[in-house]
Enquirer: 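Have a look at the structure that comes next, please.
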Amino acid sequence: MIRPSPAELLLLASVFIVAACGLVYELTAGALASYLLGDSVLQFSTIIGTYLFAMGLGSWLSRYLKRQLVAQFLKIELLVGLVGGLMPAALFIAHSLLPRVQLSAFRVLLFVLVLLVGAPVGLEIPLVMRILKKQFSERYALGDLVSQVLTFDYLGALVVALAFPLLLVPHLGLVRTGLFFGVLNVLVAVWALILFRPQLRAWNSHAWACAVALAILLAALAGADRLTSWAEDRFYGEHILLRESSDYQRVVVTQGNAGVRLFLNGNLQFNSKDEYRYHEALVHPAMAGHGAPKKVLVLGGGDGMAVREVLRYPSVQSVTLVELDPHMTRLFSSLPVLRQLNQDALLSPKLTIVNADAFGWLEQQAGYFDVIVIDFPDPSNFALGKLYTTSFYQLVDQHLTAGGYAVVQTTSPLIARRSFWTVVSTLEAAGLTTTPYHAHVPSFGEWGFVLAGRRPWAPPRALPAGLKFLDLHGLPALLHFPPDMARVPTEVNRLSNQQLVHEFEAEWGKVH
């Protein structure tokens, strides 16, 4: 068996780095598209398909590079390092500067950058193989050379595929991850500059190009936080109180004339000026309709607003809050301005906080609850869509007491009419009796909810004191759906079809 020389090993290590960098650019483009445009399945599918096409194009074009292979490889590494490394930052800035209605322009930029990165990435491996073959032709048969190069190529892809979600994005973020791997690409060019110095014409020009590319990327890396802050300031247009990234999402809290607002991955979650309308409508029809609930479960709602409303009932003995992101519950139980909004609900001795996936948690639990409040984000992707399926609602049913009620926030019956009624049909398919209703929340428009249980719901005779929006006289109006929001036939949302995600994307896509 032929042992690779140190020079060969370093070239093969370059293949490892090149493969890792190429995959990182693909993943950051897909993640950013999902983060900024929604529908992660659609974005990742189209980005990966376009990127692979560009790589194939690059591989095909490599046949036309016949002279000065090392110099060509060096130039390609600098191009990939600069364009790929700066791509996440450029996309983030572009999304902040472009008017929100001009998403088509952003999509064009996104796919142009993906093509500009993917094509030279496709050139890299064919060029490395030809360089190795030219340098070490007396030591290797072509088959041995191909197997060694592809081994290091696939190994680099494996390492990055594991590190990207577990280490890189949580600790560096998308912008710094792109820049860091851009630097690695340029360092591969520097290594080629050193290793093949005798073969390079105009060595000084190549050296200057490497130095300039490295300086640009290192400067961008040093200023990544300020760059991100500037872009977010432009995007949100208000004073930003807090901007942090958790393992699950980007959390931004703003304060301005519009009030205190929470954004998760760029999407508005609440506005302090009118959140009471949403949370009172979400919680009180079920709680007051039950009469005297003792055990309450809140799924989602890590901001503590729903818990705040639940705690208005003296009969409540215990509340369990299941929130996937521990960052949210820590934030809303520690930051004074947010604690003021939820009235320290997350610090109540009646409350137990569980940071877990609601689906898995329900599968493992055996307890029963008088009221279950389901306050998940809208079903914009399949990971969220599973929480709106018959499988999930059957789990909810198994944890309701005989006279218990569940209530689900259910997007807008005006803008996403079919999505709203799909949730109603799905709850009914799970064996629950439903009572759909809606309320106007200025920050969101007309918003929908569905109350479900084993017994029909009847309007309560009393509501807690101090409510700003709900009263007994206004409750019947919430149950009335005018013609433009009236029920339409819809399919049931199941794990096997995720129909709701498709409906939601189609309806909300027309708005954005």
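Index from 1, following the sequence.
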Enquirer: Measuring from atom OH of Tyr51 to atom CG of Leu113, what distance do you get when rounded to the nearest 0.5 angstrom?
Expert: 12.0 Å
Enquirer: For residues Asp397 and Arg454, report the shortest heavy-atom separation together with the two atoms involved.
Expert: O-NH2, 2.6 Å
Enquirer: Would you tell me whether Thr411 and Trp508 have side-chain atoms, one donor and one acceptor, within less than 3.5 Å of each other?
Expert: yes
Enquirer: Strictly below 4.0 Å, N to O, side chains only: are Asp357 and Lys386 in salt-bridge contact?
Expert: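 Yes, charged N to carboxylate O under 4.0 Å.
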Enquirer: Any sub-3.5 Å donor-acceptor pair from Thr329's side-chain atoms to Pro326's backbone N or O?
Expert: yes
Enquirer: Output, in order, the C-alpha distance, side-chain angles, deciding distance and verdict of side-chain contact (heavy atoms from CB on, under 4.5 Å) for Leu109 and Leu91.
Expert: CA-CA 8 Å; Leu109 176 64; Leu91 289 172; 4.3 Å; yes
Enquirer: Under a 3.5 Å distance rule, please check whether Ser315 uses its side chain to pair with a backbone N or O of Pro293 as donor and acceptor.
Expert: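 Side chain of Ser315 to backbone of Pro293, a donor-acceptor pair under 3.5 Å: yes, one is there.
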Enquirer: If you round to the nearest 0.5 Å, how far is CG of Leu338 from OG of Ser333?
Expert: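 Ser333 atom OG to Leu338 atom CG measures 9.5 Å (nearest 0.5 Å).
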Enquirer: Taking Thr410 for the side chain and Phe420 for the main chain, is one N or O donor matched with an acceptor at less than 3.5 Å?
Expert: no
Enquirer: Is it the case that the side chain of Asn342 and the backbone of Phe332 share a donor-acceptor pair, with hydrogens and angles ignored and the cut-off at 3.5 Å?
Expert: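 Pair found, side chain donor or acceptor close to backbone of Phe332.
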Enquirer: Donor-acceptor check, side chain of His284 to backbone of Glu280, threshold 3.5 angstrom: yes or no?
Expert: no
Enquirer: If you measure from CG on Leu221 to CZ on Arg176, what distance do you get to the nearest 0.5 Å?
Expert: 8.0 Å
Enquirer: Output yes when a side-chain donor or acceptor of Asn271 lies under 3.5 Å from a complementary backbone atom of Ser443, and no otherwise.
Expert: no
Enquirer: Can Glu507 and Ser419 be counted as having a side-chain donor-acceptor contact under 3.5 angstrom?
Expert: yes
Enquirer: If you take all heavy atoms of Ala306 and Val283, which pair is closest and at what distance?
Expert: O-CG2, 3.8 Å
Enquirer: Where do Gly301 and Glu323 come nearest, in terms of heavy atoms and distance?
Expert: N-OE1, 3.8 Å
Enquirer: Report, as yes or no, whether the 6.0 Å neighbourhood of atom CD on Gln340 holds more than 12 heavy atoms from other residues, nucleotides or ligands.
Expert: no
Enquirer: Can you measure from CG (Leu264) to CG (Asp325) and round to the nearest 0.5 angstrom?
Expert: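 That separation rounds to 8.0 Å.
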Enquirer: In sequence, state the C-alpha distance, the side-chain angles, and the governing distance for Tyr388 and Thr426, and then conclude on side-chain contact (heavy atoms from CB on, under 4.5 Å).
Expert: CA-CA 8 Å; Tyr388 291 81; Thr426 304; over 6 Å; no
Enquirer: Just by distance, with hydrogens left out, do Thr46 and Arg107 show a side-chain donor and acceptor under 3.5 Å apart?
Expert: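 Judged by distance alone, the side chains do not pair up.
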Enquirer: Heavy-atom distance under 4.5 Å between the side chains of Asn493 and Thr390, does that happen here?
Expert: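 No, every pair of side-chain atoms sits at 4.5 Å or beyond.
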Enquirer: State whether Glu491 and Arg418 are salt-bridged, where the test is any N-O pair (Lys NZ or Arg NE/NH1/NH2 against Asp/Glu carboxylate O) under 4.0 Å.
Expert: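 Looking at Arg418 together with Glu491, the answer is no, because their closest N to O distance does not fall below 4.0 Å.
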Enquirer: Could you tell me whether the side chain of Leu218 reaches within less than 4.5 Å of the side chain of Val183, counting heavy atoms only?
Expert: yes
Enquirer: Please find out if less than 6.0 Å separates the ring center of His290 from that of Tyr313.
Expert: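 His290 vs Tyr313: aromatic centres not under 6.0 Å.
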Enquirer: Show every donor-acceptor pair shorter than 3.5 Å between a side-chain atom in residues 467-486 and any protein atom, with sequence neighbours excluded, or say none if there are none.
Expert:
| residue | atom | partner | partner atom | Å |
| --- | --- | --- | --- | --- |
| Asp471 | OD1 | His473 | N | 3.3 |
| Asp471 | OD1 | Gly474 | N | 2.6 |

Enquirer: So, for Gly85 and Tyr25, which heavy atoms are closest and what is the spacing to 0.1 Å?
Expert: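 Scanning both residues, the minimum pair turns out to be N-CE2, 3.7 Å.
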Enquirer: Please report the shortest heavy-atom distance between Tyr405 and Leu400, naming the atom on each side.
Expert: O-CD2, 3.5 Å
Enquirer: Kindly determine whether Phe444 and Ser412 satisfy side-chain contact (heavy atoms from CB on, under 4.5 Å), including the steps that lead there.
Expert: CA-CA 8 Å; Phe444 299 103; Ser412 170; over 6 Å; no
Enquirer: Could you tell me the separation between the OG atom of Ser391 and the CG atom of Leu495, rounded to the nearest 0.5 Å?
Expert: 4.0 Å
Enquirer: Going by heavy atoms in the side chains, are Val423 and Tyr393 under 4.5 Å from each other?
Expert: yes
Enquirer: Please tell me if the side chains of Ile216 and Leu86 come closer than 4.5 Å, counting only heavy atoms from C-beta onward.
Expert: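 The answer is yes, as the side chains (C-beta and beyond) meet within the 4.5 Å cut-off.
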Enquirer: Any donor-acceptor pair under 3.5 Å linking the side chain of His399 with the backbone of Leu362?
Expert: yes
Enquirer: Give a yes or no answer on whether the side chain of Asp274 reaches the backbone of Val441 with a donor-acceptor pair at less than 3.5 Å.
Expert: no
Enquirer: Which residue, Val450, Thr490, Thr435, forms the side chain to side chain contact (heavy atoms under 4.5 Å, CB included) with Val424?
Expert: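 Going through Val450, Thr490, Thr435 one by one, the side chain to side chain contact (heavy atoms under 4.5 Å, CB included) with Val424 is satisfied by Val450 alone.
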Enquirer: Please lay out, stage by stage, how Thr254 and Val252 fare under the test side-chain contact (heavy atoms from CB on, under 4.5 Å).
Expert: CA-CA 7 Å; Thr254 69; Val252 174; 3.9 Å; yes
Enquirer: Within the side chain of Gln498, is there an N or O that forms a donor-acceptor pair under 3.5 Å with the backbone of Phe382?
Expert: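 Confirmed, Gln498 side chain pairs with Phe382 backbone.
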Enquirer: For Leu23 and Ala157, which heavy atoms make the closest approach, and how far apart are they?
Expert: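 Nearest heavy atoms, Leu23 then Ala157: CD2-O, 3.1 Å.
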Enquirer: Just wondering, more than 12 heavy atoms not from Lys294 lying within 6.0 Å of its NZ?
Expert: no
Enquirer: Supply the atom-to-atom distance Arg308 CZ to Leu341 CG, rounded to the nearest 0.5 angstrom.
Expert: 7.5 Å
Enquirer: Please find out if less than 6.0 Å separates the ring center of Tyr278 from that of Phe449.
Expert: yes
Enquirer: Might you confirm whether atom CZ of Phe111 has over 12 heavy atoms from other residues, nucleotides or ligands at distances under 6.0 Å?
Expert: yes
Enquirer: Is there a side-chain contact between Val371 and Leu297, using heavy atoms and a 4.5 Å cut-off?
Expert: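 When only atoms from C-beta onward are counted, Leu297 and Val371 do not touch, as no gap falls below 4.5 Å.
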Enquirer: Does the side chain of Glu503 come under 3.5 Å of the side chain of Gln499 through a donor N or O and an acceptor N or O?
Expert: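 A donor-acceptor contact under 3.5 Å links the two side chains.
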Enquirer: So, Asn497 side chain and Val492 main chain: donor-acceptor pair closer than 3.5 Å or not?
Expert: yes
Enquirer: Is any side-chain N of the basic residue among Arg339 and Asp344 closer than 4.0 Å to the acidic one's carboxylate O?
Expert: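 Looking at Arg339 and Asp344, the cut-off is met.
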Enquirer: Can you spot which of His438, His440, Glu446 makes a side chain to side chain contact (heavy atoms under 4.5 Å, CB included) with Leu414?
Expert: Glu446
Enquirer: Taking the side chain as everything from C-beta on, heavy atoms only, tell me whether Met305 gets closer than 4.5 Å to Leu282.
Expert: no
Enquirer: Less than 4.5 Å apart, side chain to side chain, heavy atoms only: is that true for Val296 and Thr320?
Expert: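 They are not in side-chain contact.
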Enquirer: Is it the case that Thr401 and Asp370 place a side-chain donor and acceptor less than 3.5 Å from each other?
Expert: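 Yes, Asp370 and Thr401 have a side-chain donor paired with an acceptor closer than 3.5 Å.
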Enquirer: Can you confirm whether Leu242 sits close enough to Val251 that some side-chain heavy atom of one is under 4.5 Å from a side-chain heavy atom of the other?
Expert: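 SC-SC contact between Leu242 and Val251 confirmed.
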Enquirer: Are Phe392 and Phe376 close enough that their ring centres sit under 6.0 Å apart?
Expert: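 Yes, they do, as the ring centres are separated by less than 6.0 Å.
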